[in-house]
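Everything numeric in this text was worked out from a predicted model, so none of it was measured. Start at 1 with the first residue, then count along the sequence. As the structure lists them, so they are numbered: ligands from 1, and atoms in each ligand from 1.
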Amino acid sequence: MKKKSDLMDFQGKKVVITGVAGFIGSNLADKLLELGAEVIGIDNFLTGRKENLSKAFKAPKFKFYSGDIRDLDFLLDIFQDIDVIFHQAAFTSVPQSIKMPDSCNDINVNGILNILNASRKRDIEKIVFASSAAIYGDDPNLPKKEDMRCLPISPYGVSKLAGEAYMQSYHHVYGLKTTTLRYFNVFGPRQKDSPYSGVIAIWLGKIVRNEDLLIFGDGTQSRDFIYVKDIINANLLASEIKNSGDVFNIGLGFPISLNAIAELLLKITNKNNLKIQYAEQRIGDILHSYCDNNKAKEILGFIPKYNHEEGLKDYFKYFVDK
Ligand code: UD1
């Protein structure tokens, strides 16, 4: 059966993607271009990479502007006759936010405030914001539901929660049509293999170099890993819903321990010669993250297509084909 998002048509729509050269932004650009949208991408290349846009650059309906979301004039120039803004640009690393809380706040909080101010001035129809499950923090109640209290631990979690609060405020006070997606742990093609990247990208990099995997802590901590293609579908669906001002959890709805996903990755890649090493738990890490995605299922029509194994296999295939 076809998913609702497979049947969507973006012909005649003009959208902006912030952070378009990043992991999620570039995947979203490719999909929207495929669906007929005119895509305007912006990025400052702080963490994004030009090579992520090699497919998009070939599309006639893609325009790219190099610049910073903290520059209001830059945004005002670009935000002309736009139907949807997909705000993906972000400071994304939890441990790095502990080292650089000011930069994290500047990019994630001042950044979204600028996006909202520019959107308000330019009467933008709709804004979809990439928030994070990190806003829930370590409240032991699981799975996480949208109406649970938010107790972020890391500066990163705090900055995303502030972004959400600004989205709500601008919806209520100025009538902006906003939708917030709380991403759980996203993985997939184009995620960087760097010390500040997501764990699966780091591990795949190690596997390709024939190195052992490293787990911080005893590996019993769990995450709700979700494949990037499902995240892209959630964004498409969110851009189309009529009611605004809402927040949705976007995760698979099945947590898995770090030990179990490491084993699964070694099995899929046929690297049973590699071992799992352990190091001290990371400061600021939450222990368990598990998504209740029923609200997204009911209201957005969001149905994740990839389970852990299917997502990892598809991701590994991309590595092999590259
Ligand atoms: C991730 C995302 C964050 C997102 C959040 C949503 C990144 C870099 N972070 O944060 O943007 O908002 O999910 O829930 O994409 N780990 C290891 N070995 C490693 C690296 C990490 O064991 O080599 C462990 C960490 O200690 C942690 C778990 O893996 O327990 C996940 O870490 P990470 O991939 O960095 O993601 P989050 O911190 O959950």
A.B. asks: CG of L76: more than 12 outside heavy atoms within 6.0 angstrom?
C.D. replies: yes
A.B. asks: What residue and heavy atom of the protein are closest to atom 18 (N) of ligand 1, and at what distance?
C.D. replies: L214 O, 2.8 Å
A.B. asks: For atom 14 (O) of ligand 1, what is the closest protein heavy atom, and at what distance to 0.1 Å?
C.D. replies: N185 OD1, 3.0 Å
A.B. asks: Can you name the residues that form a side chain to side chain donor-acceptor pair (under 3.5 Å) with N117, not counting sequence neighbours?
C.D. replies: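 Per chain and number, N117 pairs via side chain to side chain donor-acceptor pair (under 3.5 Å) with Y170.
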A.B. asks: S197 near ligand 1, heavy-atom distance under 4.0 Å?
C.D. replies: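 Checking ligand 1 against S197, which is what was asked, there is a heavy-atom contact under 4.0 Å.
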A.B. asks: Which one of S131, S169, S159 satisfies the side chain to side chain contact (heavy atoms under 4.5 Å, CB included) criterion with E164?
C.D. replies: S131
A.B. asks: Show me which atoms of ligand 1 lie under 4.0 Å from any heavy atom of A133.
C.D. replies: 6 (C), 14 (O)
A.B. asks: What's the shortest distance from atom 31 (C) of ligand 1 to any protein heavy atom, and which residue and atom give it?
C.D. replies: R223 NE, 3.7 Å
A.B. asks: Please list the nearest protein heavy atom to atom 22 (O) of ligand 1 with its residue and the distance rounded to 0.1 Å.
C.D. replies: F216 N, 2.8 Å
A.B. asks: Do E310 and Y315 meet the criterion of a side-chain donor-acceptor pair at a distance under 3.5 Å?
C.D. replies: no
A.B. asks: Which residue owns the protein heavy atom closest to atom 35 (O) of ligand 1, what's the atom, and how far is it?
C.D. replies: R282 NH2, 3.1 Å
A.B. asks: Can you see whether R223 engages Y290 through a side-chain donor-acceptor pair at a distance of less than 3.5 angstrom?
C.D. replies: no
A.B. asks: What part of Y156 sits under 4.0 Å from ligand 1 if we count only heavy atoms: the side chain, the backbone, both or neither?
C.D. replies: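 Looking at Y156 and ligand 1, just side chain atoms fall under 4.0 Å.
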A.B. asks: In terms of residue, atom name and distance, what is the protein heavy atom nearest to atom 27 (C) of ligand 1?
C.D. replies: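 Nearest neighbour among protein heavy atoms for atom 27 (C) of ligand 1, to 0.1 Å: D285 OD2, 3.1 Å.
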A.B. asks: Starting from atom 11 (O) of ligand 1, find the nearest protein heavy-atom neighbour and note its residue, name and distance.
C.D. replies: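 Residue, atom and distance for the closest contact: T92 O, 2.8 Å.
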A.B. asks: Identify, for atom 5 (C) of ligand 1, the protein heavy atom at the shortest distance, and state residue, atom and that distance.
C.D. replies: S132 OG, 3.7 Å
